[in-house]
**Q** 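Got a structure for you, questions after.
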Amino acid sequence: MADDREIWKRISQGDADSFDAFYRENAPRLLVFLRQVIGNPQAAEDVVQETFTQMWNRPNGFQPERGTCRAYLYGIARKLAADWWRKQGSSDRAIEDQVSFCQTETVSIVADAFRRLPEEQRTLLWLREVEGLSYAELAVIQDIPVGTVRSRLFAAREALRRIWLNKREARRSGACRAVTDKS
Amino acid sequence: MSSSNRQIMKCEEAAEFVSALCDGESIPPGAAGHVGACETCQARLKEYGEIGMELRSLASAELRHVAGLESPEEVRARTWETRQRTTSSWWEKGWTLLAPLPLIVWLYASILAGLFLQWVGPHHDPNFSHGIFVPLFALFVLWQDRKKLKAIASAPSWAGLPLVVLSLLVLVLGILGAELFLSRVSLLILLAGLIILFQGWTFFRAVLFPWAFLFLMIPIPAVVFNQITFPLQLLASKVASAILSWMGVPVLREGNVIILPAMALEVADACSGIRSLMSLATLAVIYGYLIERRIVVRVLLALASIPIAVGANSLRVVGTGLLVQYWDPDKALGFFHEFQGWLMFVASLAMLYLLHWAFRFFWPEGGLQRTAPSSRHPSQPIMKQFGRLRFVLATGLILLTAIFLQARGRNEIIPSHMPLSSFPAQLGNWSGRDIPLDQDTLEVLGPGDFLVRGYRDADSDLPYVDLFLAYFPSQRTGDTIHSPKHCLPGAGWLPEENDVVILSLPGHAPFRANRYVISKAGARKLVLYWYWAHDRGVASEYWAKFYLIKDAIRMNRSDGALVRITADMFPGETPYSAQQRLRPFTSAVVPLLDDYIPR
């Protein structure tokens, strides 16, 4: 498997095969990430396409010394997702679906709680926990200092933990209520 | 109590480090010591870990759900289809584009019929005989792209509505203003508006090429077209005469007239531009689309059609010249002339191919074409509910325009006028003698009434003054006045000076006219010409076009005329003194114009 520089060199030279391979490898994971961040599967798919299009059209934006190709890809996706939310005009950017506890017993409580987090916290947590991006890469993606990454990650984890604990408690007590309220 | 408070304080302080520890980051020894000894912090660390595991489990499940058993392409195709089913009502799909079709056909029936006749009718325009192939190729491109287009989700945009309104206004202006180009172009603007209104910008971007290609089917107004193609024809004539001369054929070129010992070539077409230009440009675009994938090269190929058209035209004239010189002058006409036309078109194609080969040789393609996966804008679900409103508005506007135009549908007023042949042959002391126009020239000039007459002052030794009057009772069908700006150089008379002067003549308000000093083989002539319609004289052909539209709307008339007075100049005579010398003649002509060119 070629390293990032080699992959990027090929892509920036217009090697569609390399780009296609990169797309095949990363598109599904990116789609999963965006589905979690945006909450709207169709819009998430749009943003995936837009992300790869931007990457292909502007191959000079990647700087290997600042992170991996994948981190660069997720950085573009994050910006586009933020744009999408801005266009929606929503202030807290939480995913609001009218799903109740009783209807989502098969769904992980964490997954349900995760959707209640603000968009920025969802992004940060997912990129760290699932995609394994380093603090340095997250700092570049979010355009914040590394120290701020640490404190925001903590804030996100703590917020998720509290929601999770509340929901777990509610499920144990058998409560069946709508969860559209922001816990 | 105090101990317990200190413990909580420390946990809160250490919590951020617990999170960092969870990420495998190093933490300060003090924080590490606390976490190692604190059950609360260890529980928090465990919970953070559980949360992380749950998130990764969720990611795995999602990944399996999204792409587990299918390729990304299949996933995309499936979700596109799903999305189409879920987000698009029939109002927003093809039906919305097809439903107004009968209305559009009704609205544009006469315009489309006229366009069709201009392409292939008995009196078709040779500059645009390729037009019939343009919509067919556009349809072919749409058919080729049908899968891609089908996969694009509807994202209707209200931005299309202003375009629809604009197109209908342009149509009304075009029809009432007797301006064919505007009427025809309005159809393309309407199509763009409807596509954006019902399908959105993404869809429009996807059909941008076939849509823009349709512009090649619409004849460009002569006033603009000749401006572009005439200099190219002149260049072709220059190149051809230089080649013929180099090949030992005695040749004299006067503008676009190539005079050989046996005959003169291109006389009738002297003031026309290169006719094959548009056909070749269209062919170059088609060729580029089918054969080449790089957009830059496609554009270069389309632009290359200009020098290729000049080259091919030069070769055609050279071939004709050689046939005339070494075989039979009759070969310049009839079958051989037509055959040469086809031959040169094939030669043009060959040149295009060679150029493309050169591009590919010196500039090979770096891998596959840069086409990323298609991008689509986020859907706008809020817009869906307005689908019917959009449909009703668009069809309502089209219907209203059609009804308005039907209600205003009135036959153009063609005013009766005295034939120009009855224009007085005696103007004071000036006696005139008609100069007949040959059939070829009349065909080039188009349907109108023409007078060419040489006048001479019997009481003086002044040279002849030529009066040319061209009156067009209707310019609604696209027939328009040929500008002397092209016809004079086309006949070999090169402009030395030109300016616009104000003619202040007795009995008429002052008006502007063009004054040219032209020369050929040492002889100089002064030319005064202006456009005349409804007792108004203007120098600029563009202003003449503007007034044509205005008068057509205001008076339902599109008649107009060109008045040209030409006189030999004496050696050393200034344009001003020559103009002053012509003043008595001009003063005699202008008051009579309204009798022959209706007010």
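First the proteins, then the strands, lettered A, B, ... as listed; each starts at 1.
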**Q** Quick one: which of B:S57, B:G24, B:A20 has the most heavy-atom pairs under 4.5 Å with chain A, could you say?
**A**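 Of B:S57, B:G24, B:A20, B:A20 has the most heavy-atom pairs under 4.5 Å with chain A.
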
**Q** Carefully, step by step, assess A:R157 and B:E47 under the rule salt bridge (charged side-chain N to carboxylate O under 4.0 Å, His left out).
**A** CA-CA 9 Å; A:R157 277 201 179 97; B:E47 284 163 0; over 6 Å; no

**Q** When rounded to the nearest 0.5 angstrom, what distance separates OG1 in B:T202 from CG in A:D46?
**A**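 So the gap between those two atoms works out to 8.0 Å.
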
**Q** Select one option (side chain, backbone, both, neither) describing which atoms of A:R128 are under 4.5 Å from chain B's heavy atoms.
**A** side chain

**Q** Closest heavy-atom contact between A:Y135 and B:S19?
**A** OH-O, 4.3 Å

**Q** Indicate the atoms forming the closest heavy-atom contact of A:L160 with B:I51, along with that distance.
**A**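 Here A:L160 and B:I51 meet closest at CD2-CG2, 3.2 Å.
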
**Q** Do A:F114 and B:E54 touch side chain to side chain, with heavy atoms closer than 4.5 Å?
**A**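 In short, these two side chains do not touch, never coming nearer than 4.5 Å.
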
**Q** The test is side chain to side chain contact (heavy atoms under 4.5 Å, CB included); show your working for B:L55 and A:Q36 and say whether it passes.
**A** CA-CA 10 Å; B:L55 283 179; A:Q36 294 304 316; over 6 Å; no

**Q** What's the verdict on side chain to side chain contact (heavy atoms under 4.5 Å, CB included) for A:E158 and B:E16, showing C-alpha distance, side-chain angles and the deciding distance?
**A** CA-CA 9 Å; A:E158 197 51 30; B:E16 188 173 324; over 6 Å; no

**Q** Using a strict 4.0 Å threshold on nitrogen-to-oxygen distance, state whether B:E25 and A:R150 make a salt bridge.
**A** no

**Q** For B:Y48, is there any backbone N or O sitting under 3.5 Å from a side-chain donor or acceptor partner on A:R161?
**A** no

